[in-house]
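Every chain is numbered from 1 and lettered A, B, ... according to where its sequence line falls, protein lines coming before strand lines. Because the structure is predicted, anything quoted here is derived from the model rather than measured.
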Amino acid sequence: MALDFIIRCEAVAKSYWRGTLEIPVLQGLDLEIPRGGYYALMGPSGSGKTTLLNLIAGIDRPTGGSIEVCGYDLNDLDDDQLAGWRSQHVGFIFQNYNLVPVLNAFENVELPLLLTRLSRRERREKVLEALALVNLTDRLENYPRQLSGGQEQRVAIARAIVTEPDILVADEPTGALDAKNAEEVMALLERLNSEVGKTILLVTHDPKAAHHARIQIHLEKGVLDRTVEVNR
Amino acid sequence: MRYIHLILRSLFRSRRRTILTVLFLAVSVFLVATLQSILLTLDAFANNPNSSNRIAVRHKVSLTNLLPLRYADWIRQQPEVEEVMALQWFGGIYQDPRNFFPNFAAEPEPIVRIFKEEIVEYSETQWRDFLRDRNGCIVGEALAKKYGWKVGDVIPMQGTIFPINPRLNLRLIYRSRRLTDEQAMYFHFKLVEEGVPFMQGRVGNLWVRAKHPDEVPRLIERIDRHFADAVEPTLSETENAFQLEFLKMMGNLATIIHAITGAVLVAILIVTANTMAMAIRERTTEVAVFRAMGFTGSRMLGILMAEGILLAIMGGMAGLGLAWLAAGGIRAALGSVIPWLTDFTIPVDTLLFCLHASMGLGILSTFIPAYRVVRRPIVEGLRAL
Amino acid sequence: MVWLAFLPLLPYLAWLVWAALRHPIPLSYNWRSLWQRKVSTLSTAGAIAVVVVIFVVVLSLSQGISRAFVSSGRADQVVVLRPNARVELNSSVERGQARILKTNPFLVQDADGPLASCECMVVKLLELADGSGSTNVAFRGLEPAGVRMRSQVRLVTGRWFRPGLPELVVPQKMVGRFANLGMGKSLFFSGQSWNIVGVFEGGGSAFDSEVWTDVEMLMQAHRRTTFSSMLVRLHSAEKVPGFVKFLDDDKRLKLEGKPETEYYAQQTEAGKPIQVLGNLITVILTVGAIFAAMNTMFAAVASRTAEIGTLRALGYRRVEILASFQWEALMLCTLGGLLGAGMALGFNGIQTGTTNFETFSDISFAFTITPNLMGQGVAFSLLMGVLGGFFPAWRASRIPVTEAMKGG
């Protein structure tokens, strides 16, 4: 049996328009990522790594080529179907955590569950489970501004995994953190990959963070430059 | 509603902004509610269900022309008629022109039968005293209370339309179902007829009570037809229609009030739209995050709209609350100048109008900023900061 | 009236001017900041404009009514009425009394005899042109002298009525508002047709709301035997009190004299309800507008926290920040005020009417938006600027320097 690829990109192209000027970002990129993989997308600014991440996560649309994730060809889904698909299959982790400031930690993690049919009690169980996984069960009632950066990012990770998605996408998750907190967050992601089996796709330009991934994909000017397996 | 606490929290994200907007809305809705209520309360006088049996007959040319008293005799003989009474607006002043209350000279015996629905409770002995005393008068309890009159008091009235200054003995104080009906004074028409040369055998109005409301239109038609070719033709109409004519004199007041209501609603729209635009703009990233997590565009639009509507309704309710509180004050302050406002309240119609208006304005003012932020590509929203 | 509200604020305003002159955080900085938030600025200015429009229009309404009465009288003329009658409509003067008065030596004579006019006032229902029903209109019967004595009244077209003929002369202001009222048209009442032979202009006086005709014709038509009132002219205004006293003392005549100016001034009460209502509305709306202005200014302060911190770091003092933001609020509100005053101008010249509850008859007048009224409107918006801007400006001045370092 061939490897079970959860992500398949074929000749993916994406360009932006600035007035009448077409700016190509991705130029016919092919990529396959197996289930349970931990990949880091790397490359200089403007290489298209974040764009690729966004396309795979289904929050942006390619101008050419096809992307198949979790068995869905994303081009076949309309905006609302895509939103539904994201809520089931993708968890997001952002550089600036992007927690909702008026909600406490518990409520922030609960947010994506509001889109499911789960009862209040079931939601509570799942939220507590997710927060236990990131080691923050003692901070349920705290609001984002009462948490440290590392804690905020851990809440954000709990929010990303609470719906039990197949893929976690993280855009510079350590970009706003100091070294110690960054290390903690990366250790957490690694655990999620090895223990829970999440497929993780990470964008970073921090080599230390990228070192936690199993495979590093280097992009250059919109095309795949090289793939490096990390040896530990 | 799973999102209710999210909406509530978001609404109070900037507490000062929300409170100031709610205050602005409250003040504006308060104004609209009060003005519209005043209009409706005055309008209610032209829609008095109690007066469905009554017809006002007057001279066709104008209110100031007089009818011959003998017309009453013919009207009384009509089979549909229960009672006829000569009624003259006296327009007298008690002590000071500002002490305004309606006072009438009327044929005494029929008063309680014509105004059965208004003069509800009174003592029979006092009533006989009034009939016997040519200088007697009757007043409503609310009016008597306002000036501290007791049965037996002498009330000097100064004529303005008529050159007489009758000194009236208060013989009876009646009670009504509504306070507004207790604002009037009636005294013997004979005083005016005998005191004023040009009033001999003449009166401003004849008040007719039909046996059944259904007979009113026919009766009106018959009276006017009968007197059509007389030297002094009549114009008969229901008491409500007659009242309406006085209200129509305030026609411009209604126009002004409606114009102001319109202008205030526009102001509310602008200010609420501004607040919501500010509230939504600063959440551009957040909306993008929500959508990345799988909230569809329409769901996000719904959540934002609910927030705007809630804000508008909170303002509306606060305004209505203010208006309700102020109603008592208005009753006291304006009621003494305009007796028709003694029963002033915020009618249900106004309440509903204001609630609907604020809801509608909430929807209108939120839709554009909310739609714009939701239409924005997620990737762009995530970048905005 | 608005101007009075400024008195307690004068020192503050003076200080603001001084602050702007002495410590120039340039006003153009505020102006550009306002312009940067165009939508927010314009919507707040719009709300303020609405309030100013209402303020100016309501003020012009009540002034229009007052002026109708104030400009109606002449200081050297006296209205003679039955005692206690208050208004002509309720009054009556016997022919005998009138004859005696006309020979009174107090009166001015001209070539055609004494300047005295016996008059009759009645009210009639006339249909409105817009089909919304009918309203009561005052009809005045006069003697030829009566026309000459109203110097503010001037014939626009046609001619004056001829004594003894059923002819009417109507005011220009009523022509558009009432059906069948206009040159060459006629009204039918009291069994005959009355031709409209002229149109006059009453210069904003109460006569702009009256239809004029011959006194004897009008009395005949209404089967009246007594006049309503008499208007007489004396040699000078100084003679008026003497004449009034003479009438008071003359037990035989039993008449009351009122200086014409005073008679009409008393009727300005007719504008009271609108005035009271207008003031009430204005106060409430002002409070609302102040909230709106505050909201916008607070938002402006919040979005410029770093900027303010930087200014402080550069050495500007708290008071200067306060003055700067206060100026910005004043600009914002004045913009609204100017907008509103301009919009109110659109009402200028619109004909309207209301009811004089003293006589139950219609008063016709036109909205007149004078520069003074517009000035008051703008002054009013300034007031909102001071009150609505102070707290946000105060808050801005309290922002610590360290905020500048934290970034927006």
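- With a 4.5 angstrom heavy-atom cutoff, B/Leu35 touches chain C only via side-chain atoms.
- Comparing C/Thr44, C/Leu42, C/Leu285 by how many heavy-atom pairs each has under 4.5 Å with chain B, the most go to C/Leu285.
- No more than 12 heavy atoms of other residues, nucleotides or ligands sit less than 6.0 Å from atom CZ of B/Arg167.
- The existence of a salt bridge linking B/Arg202 and B/Glu232 is confirmed by a sub-4.0 Å separation between a basic side-chain nitrogen and an acidic carboxylate oxygen.
- B/Glu282 and B/Arg17 are joined by a salt bridge, as a carboxylate oxygen and a charged side-chain nitrogen come within less than 4.0 angstrom of each other.
- Neither the backbone nor the side chain of B/Leu25 comes within less than 4.5 Å of any heavy atom in chain C.
- Only the side chain of B/Phe30 comes within contact range of chain C, judged by heavy atoms closer than 4.5 Å.
- The environment of B/Tyr371 atom OH is sparse: at most 12 non-hydrogen atoms of other residues, nucleotides or ligands sit within 6.0 angstrom.
- For the set B/Ala263, B/Ala267, B/Pro163, the entry with the most heavy-atom pairs within less than 4.5 Å of chain C is B/Pro163.
- Each of B/Leu20, B/Thr275, B/Val27 has some count of heavy-atom pairs under 4.5 Å with chain C, and the biggest count is that of B/Leu20.
- Proximity to chain B is absent for every atom of C/Ala49, based on heavy atoms less than 4.5 angstrom apart.
- For B/Phe104 and B/Phe90, the ring centers sit 6.0 Å or farther from each other.
- By number of non-hydrogen pairs under 4.5 angstrom with chain C, the leading residue of B/Thr21, B/Val266, B/Thr34 is B/Thr21.
- Interface remark: C/Ile54 contributes side-chain atoms only to the contact with chain B (heavy atom separation under 4.5 Å).
- Ring-centre distance between C/Phe189 and C/Phe139: below the 6.0 Å cut-off.
- Interatomic distance, CG of C/Asn295 versus CE of B/Met278, reported as 4.5 Å (0.5 Å rounding).
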